[in-house]
Amino acid sequence: MNKNKREIRVRFAPSPTGEFHLGGARTALFNWLFARHCKGKFILRIEDTDAIRSKNDFSQSVIENLKWLGLDWNEGPEVEGSYGPYFQSQRLQIYKKYAYKLLEEGKAYFCYCTQEELEERKREKQKEGKPPKYDGRCRNLSEEERKHFKEEGRKPVVRFKVPQEGITYVEDLLRGKISFENKLIGDFVLLKSDETPTYNFANVIDDTLMKITHVIRGDDHLSNTPRQILIYQALNFQTPQFAHLSMILGKDGTKLSKRHGATSISYYRKKGYLPWAVVNYLALLGWATSDSQQLFSKEELIKKFNLERVGKNPAVFDIKKLEWMNGEYIRRMKPEEVASLLIPYLKEKGLVKERIEPKEKEMIRKIAQMEQNRLKVLSEITDLADFFFKKDFIYEPKAVEKRLNKEYVPFLLKETKKEINELASFTEEELEDLLRNLTKKFSFSTGEVFHPLRVALTGRTRGPGLFELAVVLGKEEVLRRIDKTLAMFKN
RNA sequence: GCCCCCAUCGUCUAGUGGUUAGGACACCGCUCUUUCAAGGCGGCAACGGGGGUUCAAUUCUCCCUGGGGGCACCA
């Protein structure tokens with residue numbers, strides 16, 4: 001590494017005003033990948049300056065879900081670091097200090113307009129078809145006017161004096177040079193009347209103080225960037241590099257939101273998506289290798305990821321592809337790994353007890369092995385495999401109709417039962433031999449024998465291989481289920 | 001209304017001043033098989049429109065259209 005080069009420092013700066021969602025996760029991921037790729041630092045900063053909307057639970061949600069995804073941070077909550085605190089609500093004095101500095105230098109001013117007044121004027125502007133920007137009327141208040149407002153008990157905000165001529169350029173790593181006319185930007189608020197900072201202000205102060213080199217964030221912040229650059233300049237701060245990621249959209253092409261179904265990371269976690277599948281999928285939303293590789297190991301992804309190959313067009317979130325990818329990763333796991341991930345779902349549905357006996361654990365391992373190919377998300381296991389655990393599983397009416405309601409079935413089941421009874425040991429091979437012989441002996445087709453037996457044992461027409469499934473159930477249970485089925489014919 | 005961004009199969013994308021425009025998901029066949037999956041094989045399917053530049057534009061440029069985002073004492 002080049003010692004002369006500044007260390008790469010990026011941050012993920014969520015505001016805890018809602019559940020941690022896919023869009024946030026993608027932004028976090030790209031920052032994390034960039035940091036890891038460059039051997040830099042990834043910093044987590046919680047932007048909780050909105051006292052009303054911010055909730056501690058949401059901060060916790062971000063922290064837990066980032067951990068779950070495996071996106072570890074070098075500085076931030078829990079790990080701390082040299083540039084903390086990492087909650088903006090604990091840095092209020094810092095923002096105040098810089099706001100007063102700007103005030104003293106005449107680059108900002110107190111504004112006594114009330115929110116009602118502002119809204120009123122904004123509405124008028126819009127009616128006239130004019131841009132709804134602040135008119136700057138408090139820019140040059142006389143001492144007297146200021147005194148008057150104070151006596152009225154008005155609490156001022158601090159506004160930034162936006163130069164009303166010139167152009168501010170945003171040099172974006174992904175989009176190139178973008179220009180904004182300053183005169184289109186109104187004097188915006190730095191400090192609210194309760195002396196907490198606004199996003200644009202706190203962001204600049206913290207990114208500077210935390211020595212952030214690259215600001216990688218959503219596209220929705222692009223038009224905020226000139227405002228921030230103006231603050232950087234006023235404070236004589238060096239601007240970081242910017243990279244604005246395009247948004248993730250829902251199926252209808254609008255910004256992904258609850259309207260499109262589940263967007264929270266915790267939903268995907270609960271549903272049984274593997275963290276790495278989510279990461280891998282999200283990485284492909286706006287980034288690709290030249291060979292369009294789909295599946296990456298963690299090391300591979302870190303190695304191959306770079307900002308240059310990040311696309312600039314918005315990407316539609318496609319759950320089908322995520323499902324496929326998740327299934328792909330489930331299939332690649334060892335059965336015992338799958339089994340241990342499955343257990344919480346089985347417990348939740350009461351299919352297994354809190355305490356799991358070794359024998360039961362082995363059974364779950366075999367079930368995991370059998371169902372691995374069928375699982376797209378882990379939670380599906382309870383629907384796929386409940387019959388293994390429930391003595392009173394449901395016989396699907398359609399399955400009964402299609403496979404059991406045949407003249408020959410009672411006879412077949414009785415014969416099967418008789419022969420199984422005579423079996424010395426109960427292995428897949430023996431069972432297969434037995435059934436195939438039975439097929440030959442009575443001139444059945446394979447299907448005629450296998451299908452009804454599957455329904456008798458599982459209540460359904462689809463599922464794992466018949467022999468392996470039967471062996472997992474065990475001889476005794478198999479016989480019991482055949483009896484149970486036989487009993488159905490008596491009615 | 002104003003400002004900014006974006007534009008290749010249905011979706012995620014690769015790609016080039018001249019290509020049979022490639023891959024992946026989804027979808028549809030076939031195959032394997034006791035079923036369903038998984039697997040294997042194959043198929044369908046795209047350069048938004050109009051000007052320019054050029055011998056040649058999907059690629060460069062302009063306009064339009066479409067989509068998205070922003071214009072808060074929210075972030």
Side-chain angles (χ1 to χ4, degrees), chain A residues 13-17 47-50 52-54 88 111 113-115 118-119 122 125-134 155-159 170 172 174-175 178-181 184-186 188-194 196-200 202-203 218-226 244 246-247 249 251 253-255 281 284-295 309 311-325 327 331 371-376 384 399 403 432 435-436 439 445-451 453-455 458 460-467:
Chain A
S15 68
T17 54
E47 306 214 331
D48 55 350
T49 54
D50 184 341
I52 300 149
R53 294 200 309 149
S54 294
Q88 288 189 328
C111 165
C113 300
T114 65
Q115 296 201 48
L118 290 171
E119 247 163 73
K122 191 175 168 183
K125 286 245 175 65
Q126 274 173 326
K127 238 195 285 177
E128 295 167 38
K130 285 183 182 164
K133 81 170 200 190
Y134 178 69
K155 290 244 189 282
V157 300
V158 176
R159 278 187 193 274
V170 176
D172 190 279
L174 303 179
R175 293 158 210 278
I178 304 157
S179 57
F180 295 85
E181 278 191 85
L184 265 15
I185 305 171
F188 54 91
V189 173
L190 259 23
L191 238 42
K192 308 173 208 169
S193 52
D194 63 357
T196 60
T198 58
Y199 162 76
N200 282 315
N203 215 257
D219 209 354
D220 46 345
H221 293 301
L222 188 51
S223 39
N224 277 318
T225 311
H244 288 93
S246 53
M247 306 273 84
L249 311 178
K251 257 199 156 14
T254 62
K255 190 173 167 181
Y281 175 73
L284 257 25
L285 242 36
W287 173 82
T289 57
S290 60
D291 61 352
S292 285
Q293 182 180 341
Q294 302 293 311
L295 270 16
R309 292 197 63 87
K312 37 191 182 176
N313 38 341
V316 174
F317 178 75
D318 180 12
I319 186 110
K320 287 279 187 200
K321 186 157 179 178
L322 209 210
E323 279 178 358
W324 162 77
M325 201 172 270
R331 266 168 253 138
E371 299 286 8
Q372 224 169 332
N373 284 343
R374 252 167 301 268
L375 285 173
K376 285 200 281 291
L384 285 176
R403 299 301 189 197
E432 178 162 10
L435 290 174
R436 295 212 186 272
T439 304
S445 72
T446 338
E448 281 171 325
V449 173
F450 288 30
H451 292 317
L453 191 54
R454 167 183 302 282
V455 177
T458 70
R460 46 184 89 184
T461 56
R462 22 202 315 186
L466 187 54
F467 322 122

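By convention in this document, chain letters (A, B, ...) are assigned in the order of the sequence lines, proteins followed by strands, and residues within each chain are numbered from 1.
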Seminar exercise, completed: Scoring nucleotides 27-45 of chain B by protein non-hydrogen atoms under 4.0 Å (B base, S sugar-phosphate only, - none) yields -------BBBBSS------

Seminar exercise, completed: 5' to 3', nucleotides 70-75 of chain B under a 4.0 Å protein heavy-atom cut-off (B base, S sugar-phosphate only, - none) gives SBSBBB

Integer-rounded Å distance: [N] [atom2] and [X] [atom1]:
X: A:Ile185; N: B:rC4; atom1: CD1; atom2: P; answer: 11 Å
X: A:Ile178; N: B:rC4; atom1: CD1; atom2: C1'; answer: 7 Å
X: A:Phe188; N: B:rC3; atom1: CZ; atom2: C1'; answer: 15 Å
X: A:Asp219; N: B:rC3; atom1: CG; atom2: P; answer: 18 Å

What N/O pairs connect the protein and nucleotides 9-13 of chain B at under 3.5 Å? Give each pair on its own line.
residue, atom, partner, partner atom, Å
B:rC12, OP1, A:Val316, N, 2.9
B:rC12, O2', A:Leu284, O, 2.7
B:rU13, OP1, A:Gly286, N, 2.8

Between [M] and [N], how far apart are the [atom1] atoms? Round to whole Å, please.
N: B:rC25; M: B:rU59; atom1: C1'; result: 26 Å
N: B:rU8; M: B:rG67; atom1: P; result: 15 Å
N: B:rU20; M: B:rU35; atom1: C1'; result: 41 Å
N: B:rC44; M: B:rC36; atom1: C1'; result: 25 Å
N: B:rC62; M: B:rA75; atom1: C1'; result: 37 Å
N: B:rA24; M: B:rA14; atom1: C1'; result: 11 Å
N: B:rA7; M: B:rU61; atom1: P; result: 11 Å
N: B:rG42; M: B:rG48; atom1: P; result: 29 Å

Output all residues satisfying side-chain hydrogen bond (donor to acceptor under 3.5 Å, both in side chains) with [X], sequence neighbours left out; order by chain, then residue number.
X: A:Asp48; result: A:Ser89
X: A:Arg53; result: A:Asp50
X: A:Lys321; result: A:Gln294
X: A:Arg403; result: none

ring-ring contact (aromatic ring centres under 6.0 Å, His included) against [X], all qualifying residues, sequence neighbours excluded:
X: A:His221; value: A:Tyr199
X: A:Phe180; value: none
X: A:Phe188; value: A:Phe160

Complement of [N], any strand, by Watson-Crick or G-U distances under 3.5 angstrom:
N: B:rA7; result: B:rU65
N: B:rU59; result: none
N: B:rC30; result: B:rG40
N: B:rC2; result: B:rG70
N: B:rU16; result: none

Problem set entry | side-chain contact (heavy atoms from CB on, under 4.5 Å) partners of A:Asn313, counting only residues at least two apart |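 Listed in chain order: nothing, the list is empty.
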
Problem set entry | Residue met sooner reading RNA chain B from 5', once A:Ser179 and A:Met247 are mapped to nucleotides |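 Going by which nucleotide is closer to the 5' end, it is A:Ser179.
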
For this session: List the steps and the verdict of side chain to side chain contact (heavy atoms under 4.5 Å, CB included) for A:Leu466 and A:Leu435.
Result: CA-CA 10 Å; A:Leu466 187 54; A:Leu435 290 174; 4.2 Å; yes

For this session: Could I get the full list of salt bridge (charged side-chain N to carboxylate O under 4.0 Å, His left out) partners for A:Arg331, not counting sequence neighbours?
Result: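 Partners of A:Arg331 under the salt bridge (charged side-chain N to carboxylate O under 4.0 Å, His left out) test: A:Glu328.
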
Exercise. Shortest non-hydrogen contact from A:Leu174 to A:Asp172?
Worked result: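 Answer, listing the atom of A:Leu174 first, then A:Asp172: N-OD1, 2.8 Å.
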
Exercise. Looking only at side chains, do A:Thr289 and A:Asp291 share a donor and an acceptor under 3.5 Å apart?
Worked result: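 Yes, a side-chain donor-acceptor pair sits under 3.5 Å.
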
Exercise. Which residue, A:Lys312, A:Lys255, A:Met247, forms the side-chain contact (heavy atoms from CB on, under 4.5 Å) with A:Asp219?
Worked result: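 So the option named by the test is A:Met247.
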
